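Presented below is the structure to which this report refers.
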Number of protein chains: 2
Amino acid sequence: MNETTWRVDDILDAIRTTGGRVTATKRALVEALVDTRDHLTVESLTSVVQLRAPEASPSTVYRNLEELENLGIVVHSHLGRAAAVYHLAGPVHGHLLCSSCGRTIEVPSALFEPIVHEVRAQYDFDVDRHHLAISGVCGDCRRSAHNS
Amino acid sequence: MNETTWRVDDILDAIRTTGGRVTATKRALVEALVDTRDHLTVESLTSVVQLRAPEASPSTVYRNLEELENLGIVVHSHLGRAAAVYHLAGPVHGHLLCSSCGRTIEVPSALFEPIVHEVRAQYDFDVDRHHLAISGVCGDCRRSAHNS
DNA sequence: ATTGCTGCAAACCTTTTGCAAGAAT
DNA sequence: ATTCTTGCAAAAGGTTTGCAGCAAT
């Protein structure tokens, strides 16, 4: 739930422990996630996986990600209308999504704590801290816009 | 940008002023938005519009909403993976989306001001106040979950 | 008479699903 | 041997687009 240091073997063990089987695709996928530690779409993850397992299909990546998500190893966020991004579960954090360049910026969830509390107190609403996403424009894009 | 009292005729005038033409579908759509003042999907808006203009198609509703959005009269938000919801631009506000029942709760944007400032100061990121959406579970759903 | 708008159908994208063959245990 | 998984292809949403005809101005 809050491992900052996921290791490939630990994840593969978790898969086996829960009755899952470790396939070439899953191993490549897990390594991609551990290596990049980035927010990746299924499309880009599939490309990376295919370097090692050329036959891998997006649908398998979807299914594998779902399995990892059920194990609490992976989380995903929907940012705008675009494809969802997946990454290793880690310290809970929020996302800033630039609607201009698509970049994702991670921000500590501490930033959101005041809101999480307010919203719980005033609206009886439990915020899902894993899916905090806010859209806007990053500094780079703001500046390029002004110079155009 | 912050009209709390959009009137149908004002909106139709705005359409004409900018070179647009007022059609039966547009009029029905505008009335639906003004009447319900709710957050509606294209699907539900189309149903309402079709009460008056039976031939109206979703694609036209999409195009009309885009036009209204360009005029600053309508805004939309993406909440999760589901269909986007549209509503009249009004006092800027955030959305709480219940991932269990799909309900949308409006919250005053004042709640988000601290974050908007922090994020601008620390991450050089301009939050789009029109698209603030936070997912979680509303009180009703939390309680039904506990009773099941 | 312009030329913006429409409905329809088809295209698009992301994601999900059915299925028979293949592989990890 | 089991039974999980896979790739493929097709389906399923939500949204966009091309087009020829229609209609608001």
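Residue numbering restarts at 1 for every chain, and letters A, B, ... go by the order of the sequence lines. Just so it is clear, the structure is predicted and the values come from calculations on it, not from any experiment. Values below: all heavy atoms of this structure, side chains included; hydrogens, waters and symmetry mates excluded.
Between I15(B) atom CD1 and dA24(D) atom C1' there is a gap of 12 Å when expressed in whole angstrom units. As a whole-Å value, the separation of K26(B) NZ from dC22(D) P is 19 Å. As rounded to whole Å, 14 Å separates atom C1' of dT5(D) from atom CG of L68(A). Whole-Å rounding puts the L29(B) CG to dG7(C) C1' distance at 16 Å. Here the C1' atom of nucleotide dC8(D) and the CD atom of Q50(A) are 13 Å apart, to the nearest Å. In this entry the distance linking CD of E66(A) with P of dT6(D) reads 12 Å, nearest Å. Protein atom CG of D13(A) is 15 Å distant from nucleotide atom C1' of dT25(C), rounded to whole Å. Separating the OH atom of Y62(A) from the P atom of dG7(D) is a distance of 15 Å, rounded to the nearest angstrom.
Projected onto DNA chain D by closest heavy-atom contact, S59(A) and Y86(B) fall at different nucleotides, the more 5' of which corresponds to S59(A). Nearest-nucleotide mapping onto DNA chain D: of V42(B) and V22(B), the residue sitting toward the 5' end is V42(B).
Contact annotation: R16(A) reaches the phosphate of dT25(C) (side-chain N/O to OP1 or OP2, under 4.0 Å). The shortest distance between the side-chain N/O atoms of T23(B) and the OP1/OP2 oxygens of dA24(D) is not below 4.0 Å.
Evaluated for a side-chain contact (heavy atoms from CB on, under 4.5 Å) with V34(A), the options T5(A), V8(A), I73(A), L29(A) yield exactly one hit, V8(A).
No engagement by A82(B) is indicated, since no non-hydrogen atom pair under 4.0 Å with the nucleic acid exists. Residue-level contact check: A84(B) touches the backbone only, with heavy atoms under 4.0 Å from sugar-phosphate atoms and none from bases.
For D124(A) and R143(B), the salt-bridge test passes: some basic side-chain N is under 4.0 Å from an acidic carboxylate O. Between R129(B) and E113(B) there is a salt bridge, since at least one side-chain N of the basic residue sits less than 4.0 Å from a carboxylate O of the acidic one. No salt bridge links D13(A) with R7(A); every basic N to acidic carboxylate O contact stays at or beyond 4.0 Å.
At a threshold of 4.5 Å between side-chain heavy atoms, the hydrophobic network of Ile, Leu, Val, Met, Phe, Trp and Tyr places I11(B) and V48(B) in two separate groups.
Picking from dG7(D), dG7(C), dT15(C) the nucleotide with the shortest atom distance to the side chain of A83(A) gives dT15(C). Nearest to the side chain of T60(A), among dT15(C), dT6(D), dT6(C), sits dT6(D).
Judged by atom type and distance alone, R63(B) does not reach the base of dG4(C) through any side-chain donor-acceptor pair under 3.5 Å. Applying the 3.5 Å distance criterion, the base of dT3(C) shares a donor-acceptor pair with the side chain of R21(B).
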